[in-house]
Amino acid sequence: MENAEIARVFFEIADLLEIKGGDTFRIRSYRNAAMVVEGLPESLKTLYAGDGEDGLKGLPGIGESTRGKIIELLTTGGCAYHRELLGEMPHGMLDMIKVSGLGPKKAAVLHKELGISDLDGLERAAEAGLIRGIRGFGEATERKIIRGIREVKTRSRQFKLSAVVPYERSFTRYISEVPGITEIAPSGSYRRWKETVGDLDILVTCSDARAVMDHFVRHPDIAEVVSKGETKSTVVLASGLQVDIRVLDKRSFGSALQYFTGSKAHNVALRERARRMGLKISEYGVFREKGEVWVAGENEEDVYGAVGLPWIPPELRENRGEIEAAEEGSLPRLIERADIKGDLHVHTKESDGAYMLDQMAEAAMKMGYEYMAVTDHSKAVGIARGLDEARLNAQIRAVDEFNDRMKRQRKRFRALKATEVDIKADGSLDHPERALKKLDCVVASVHSGFRMETKEMTARVIKAVRTGLVNIIGHPTGRLINEREPYRIDLEKVMDEAKRHGAALELNAYPDRLDLNDVHCLLARQKGVMVAVSTDSHSIHHLENIAYGIHTARRGWLEKKDVLNAKPLKELLKILKRRG
DNA sequence: GCCGTTTTCGGCCCGACTGTTTTCAGTCG
């Protein structure tokens, strides 16, 4: 039982209680506990195996009751309370409340009045026109339900961050056509650089709110206007992406930006803190004297300042201890783009890249880098025209020649002799030791046999690390966001072994991968394992993807000292040599 | 169910929009 499954049970308990009509604060507690569990870097299983119940104490939002249920889930694989609630109502009701516009209250009414117990039943009733006859419902609600069901059935609600970027740019450009605009800013999970986002939230300050709204709902990509008010509107695009807009006064811009950036958990914690200080935070500002006196709101710094905190970077706002750290003055000094000195995962035309070594190098120089590791595939990755030993040797000569040329031209830049060597199913490496020993940098990755059991896969990767030949484990979980689940691997064990052998783990910045993810980075930081933020570029354009890697690293609280390729060349080479 | 700068009980984040209703509950973020 992993953290994600435990979180899911708590989310379901919250949903079930909500449909049943339970105490709202208890419901919130379960949801809060679920979010805490979800964001925990270490697995509860490990914590419990280590120290028993004591290992689970001190987790925020987890008290006597939820702790007991965690232990129950870990030891029995189930939770009696969860089962009991499920026994009181059909499981399909959990799907019903995923329909936009249909919440727990209305779902409960439909169950009571019409005996509807799942999505299909809901669809049949709506299409038969039965719902409009129920008190509190009408034709509009019925139509909304039909649309909502279609949406639930056809769309994955989460979009890869990189897929939303073009929309953000398009809307920003479009909205700026309205006269009188002073600020336009994306907020929400987009601004926190979450790997997937459910919707795009845009904030605007403008003298004429109505003009902004009228213009906004006419954007050509819009498929449906969900709501349109004086200061707030919501639309859904043809792609299924939801876009929300809010228009605000200048003096509320900071508090609105803070509020809509979230996360929800962060905001709840911040507002509780404000309340304890006799203040009230809303999107319109920070107020005291029962909301009478405006204290702050024009910018985010003042909002945090009003509750005695320094500004907290958006990537940290997940209620994973950032408020406490801010209070103690111990916020991390997060890694920045300017700290990155080179890229340690780059392909060339020699395997499946699209450009030659010197073209990739030139692009890397334009990024301001000191170095780039040439990490073409090894022969086991046949589809990528992976290199055998002879071709690797030829490439080593080519890199030497390239570096000689750099020296003659008095350029500081260096290409590193490297490889992305395949970790084969038995854990052996796809180049012989004598070849790997000639290299400056060895990235080792799994590209096949994804379906192994946790124990097998963990042993496979650990065996590779134990050769002492590996500098970096490439894309350590193999996941592709929204496309392929991570393979089953115990990263805590892999990290412990990597630490012993002087190896780093990669944070693959390719926006489909982001692997390690943010929570894994937290774990690496805790364990003192270095992380290499690399792009896995197959083209000169991919080098820019480093931004996704950096912001994911920031979400994982990583600092310059934690990141391998934030080291200058000389220091980097020293570290790379220490493998063993 | 959780938690403590109103501490072991009594609170718990805040507001916009919609649809259905005659003043507001439900939903959403």
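What's counted below: heavy atoms across the whole structure, side chains too, no hydrogens, waters or symmetry copies. Please read these numbers as outputs of a predicted model, since none were measured by experiment.
Under the 4.0 Å criterion applied to side-chain N and carboxylate O atoms, A:Asp23 and A:Arg26 are not assigned as salt-bridge partners. Using a 4.0 Å cut-off between charged side-chain N and carboxylate O, A:Glu224 and A:Arg150 make no salt bridge. The existence of a salt bridge linking A:Arg31 and A:Asp15 is confirmed by a sub-4.0 Å separation between a basic side-chain nitrogen and an acidic carboxylate oxygen.
Under 4.0 angstrom from either OP1 or OP2 of B:dC28 there lies no side-chain N or O belonging to A:Lys264. In this model, the phosphate group of B:dC28 is not approached by any side-chain N or O of A:Gln242 to a distance below 4.0 Å at OP1 or OP2. Taking only side-chain nitrogens and oxygens, A:Ser255 never comes nearer than 4.0 Å to OP1 or OP2 of B:dC14. For A:Thr141 and B:dT18, the shortest distance from a side-chain N or O to OP1 or OP2 is not below 4.0 Å.
Atoms CZ (A:Arg28) and P (B:dG10) sit 19 Å apart, rounded to a whole Å. Separating the CD1 atom of A:Ile134 from the P atom of B:dG19 is a distance of 19 Å, rounded to the nearest angstrom. Rounded to a whole Å, the CZ atom of A:Arg135 is 14 Å from the P atom of B:dC24. Atom pair A:Ile145:CD1 and B:dT18:C1' shows a separation of 13 Å (rounding to whole Å applied). Rounded to a whole Å, the OH atom of A:Tyr284 is 4 Å from the P atom of B:dA16. Rounded to an integer number of Å, the gap from CG of A:Asp201 to C1' of B:dG15 is 15 Å. Straight-line distance from the NZ atom of A:Lys98 to the C1' atom of B:dC28: 17 Å, rounded to whole Å. Look at CD on A:Glu283: it is 10 Å from P on B:dC17, rounded to the nearest Å.
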Salt bridge (charged side-chain N to carboxylate O under 4.0 Å, His left out), that's the test. Do A:Glu12 and A:Arg8 meet it? Break it down for me. CA-CA 6 Å; A:Glu12 283 196 9; A:Arg8 190 185 54 79; 3.0 Å; yes

Please report the C-alpha distance between A:Gln258 and A:Asn267 in whole Å, then the side-chain angles of each, then the deciding distance to 0.1 Å, and finally whether the side-chain hydrogen bond (donor to acceptor under 3.5 Å, both in side chains) criterion is met. CA-CA 8 Å; A:Gln258 193 289 315; A:Asn267 284 356; 3.0 Å; yes

Please walk me through it: do A:Arg525 and A:Glu559 pass side chain to side chain contact (heavy atoms under 4.5 Å, CB included)? CA-CA 9 Å; A:Arg525 172 188 143 98; A:Glu559 304 181 72; 3.4 Å; yes

Assess the residue pair A:Lys228 and A:Phe216 against the criterion (side chain to side chain contact (heavy atoms under 4.5 Å, CB included)); give the C-alpha distance rounded to whole Å, side-chain angles, the decisive distance to 0.1 Å, and a yes or no. CA-CA 10 Å; A:Lys228 178 173 177 262; A:Phe216 173 69; over 6 Å; no

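A cation-pi contact links A:Lys106 to A:Phe137, judged by a cut-off of 6.0 Å to the six-membered ring centre and 45° from its axis.
Within the nucleic acid shown, A:Ser233 has no heavy atom closer than 4.0 Å to any nucleic acid atom. The residue A:Ile281 sits close only to the backbone: its heavy atoms come under 4.0 Å of sugar-phosphate atoms, none of a base. Residue-level contact check: A:Glu139 touches the backbone only, with heavy atoms under 4.0 Å from sugar-phosphate atoms and none from bases. Contacts of A:Asp23 with the nucleic acid, taken as non-hydrogen atoms under 4.0 Å apart, include base atoms. Nucleic acid contact for A:Val36: none, since no nucleic acid atom lies under 4.0 Å from a heavy atom of the residue. Across all strands, A:Leu102 comes closer than 4.0 Å only to sugar-phosphate atoms, never to a base (heavy-atom distances).
Of the possible polar contacts, one joining the A:Tyr174 side chain to the A:His215 backbone as a donor-acceptor pair under 3.5 Å is found.
Counting only heavy atoms from C-beta on, A:Arg271 has its side chain closest to B:dC13 among B:dC13, B:dG29, B:dC17. Minimum atom distance to the side chain of A:Lys105 is reached by B:dG26, of the listed B:dG1, B:dG29, B:dG26. Distances were taken from every side-chain heavy atom of A:Glu272 (C-beta onward) to each of B:dC13, B:dG19, B:dT27; the shortest belongs to B:dC13. Of all nucleotides listed (B:dT27, B:dA16, B:dG1), B:dA16 comes nearest to the side chain of A:Lys232.
Between B:dC17 and B:dT6, the two P atoms lie 34 Å apart (nearest whole Å). Look at the P atom in both B:dC12 and B:dG19: the space between them is 31 Å, to the nearest Å. On the C1' atoms, B:dG10 is 25 Å away from B:dG15, given to the nearest whole Å. Here the separation of B:dT8 from B:dC3, taken at their P atoms, is 16 Å to the nearest Å. Here the separation of B:dC9 from B:dC14, taken at their C1' atoms, is 25 Å to the nearest Å. Across B:dG11 and B:dT5, the matching C1' atoms stand 15 Å from one another, rounded to whole Å. For B:dT27 and B:dT20, the C1' atoms lie 14 Å apart once the distance is rounded to whole Å.
Nearer to the 5' terminus of DNA chain B, by closest-nucleotide assignment, is the contact made by A:Val268 (compared with the other of A:Val99 and A:Val268). For A:Lys106 and A:Lys144, each mapped to the nucleotide of DNA chain B holding its nearest heavy atom, the one lying further toward the 5' end belongs to A:Lys144.
B:dT7: glycosidic angle within 90° of 0, hence syn.
Across all strands shown, B:dT8 has no partner, as no Watson-Crick or G-U wobble contact with both distances under 3.5 Å is found.
Residues forming a ring pair (Phe, Tyr, Trp, His ring centres under 6.0 Å) with A:Tyr548 (at least two apart in sequence, or on another chain): A:Trp193.
Rounding to the nearest 0.5 angstrom, the gap separating the OG1 atom in A:Thr66 from the CG atom in A:Asn32 is 9.0 Å.
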Per-nucleotide protein contact along nucleotides 2-7 of chain B, 5' to 3', at a 4.0 Å heavy-atom cut-off (B base, S sugar-phosphate only, - neither), is SS--S-

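For DNA chain B, none of the residues of residues 304-318 of chain A falls under the heavy-atom distance limit of 4.0 Å.
Under the side-chain contact (heavy atoms from CB on, under 4.5 Å) test applied with A:Asp518, the options A:Arg554, A:Arg192, A:Arg320, A:Lys194 reduce to a single match, A:Arg320.
Judged by distance alone, with hydrogens and angles left aside, A:Tyr259 brings a side-chain donor or acceptor within reach of the base of B:dG29, the pair sitting under 3.5 Å.
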